[in-house]
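Below is one structure, written out as structure tokens; the observations come after it.
Just follow the structure's listing: the first ligand is 1, and inside any ligand the first atom is 1.
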Amino acid sequence: MSHSLRPTAIIGNWKMNKTIAEAKTYVFELTPLMRHSRKYVGLAVPFTMIASAAEAAKGTSIAIGAQNASDAEEGAFTGEISSSMVKEAGASFVILGHSERRQLFHENNALINRKLFRALAADLKVVLCIGETKEERDKGETEKVLCNQLSGCLEGVTALQMANLMIAYEPVWAIGTGKVATPESVQVVHHFCRDQIASQWGQHTAEHQIIQYGGSVKPENAAALLEQPDVDGLLIGGASLSLASFSKFIDLK
Ligand code: PGA
């Protein structure tokens, strides 16, 4: 399988960090660095920054996204924000199913599946996060967990809709811990995921499916990860907060 079917996707996940002013400056400074890049470059920013970041990114190829969205369209859901709202604010994608959402906010595959349909209906691309915990890995359950997450979160999704979706494999034990998974072990998992996608949606869909890796990605370990044939991009938390470090990912071949 060749990389050439799939653009490299580099997405920064700012989590709950930065101010509106910082977001604008970041996007303005990132813009000239994008000129020769053929990668898909996105920033998943806090809700309050979407509009200003999207405004700053106008006319560039930088995609601005949200880190979550509701499974409801509108109504009495105090504190929630819908996919249509983030789309209206200027987001073009949304991260769903991040392990912090799953663990801290008790999101399960069925809820993520409902959110995913709302997001696709609002014309947002979806970055669907999956990944096993350390305990699950130690018990040899990695493939079973990923299989359940993929089938649960993607239930009812058509091959056509898969084109608006990126998968991000983020082993929970690697997120924010400095413990990056080895490129070889990431390749094995990505290949497994691609096989699962092929068995459900066919070879063509699988070959075009972008599968990113996330979890303690740094400029120093990124190249070896991206060299793996089934690693099509990176979802970057901590190392996306400084532009000096994020820009290094854009420069990688
Ligand atoms: P990290 O986070 O790069 O800080 O490990 C990745 C993520 O949570 O998406």
Below the 3.5 angstrom mark, is there an N/O of [X], backbone or side chain, next to an N/O of ligand 1?
X	answer
Gly215	no
Ile236	no
Thr177	no
Ile175	no
Ser216	yes

Under 4.0 Å to a heavy atom of Lys15 - the qualifying atoms of ligand 1, by number: 2 (O), 7 (C), 8 (O)
Using a 4.0 Å cut-off to any heavy atom of His98, which atoms of ligand 1 qualify? 7 (C), 8 (O), 9 (O)
Ionic contact status for [Y] with [X], cut-off 4.0 Å:
X	Y	answer
Asp71	Arg118	no
Glu136	Lys139	no
Asp232	Arg194	yes
Glu107	Arg102	no

Ring geometry between Tyr213 and His190 (parallel below 30°, tilted from 30 to 60°, perpendicular above 60°): tilted
More than 12 heavy atoms of other residues, nucleotides or ligands under 6.0 Å from CD of Glu155: is that the case? no
Greater than 12 external heavy atoms within 6.0 Å of Lys218's NZ: yes
For [atom], find the nearest protein heavy atom and state the residue, atom name and distance (0.1 Å precision).
atom	result
atom 4 (O) of ligand 1	Gly238 N, 2.9 Å
atom 9 (O) of ligand 1	Glu170 OE2, 2.7 Å
atom 3 (O) of ligand 1	Gly237 N, 2.9 Å

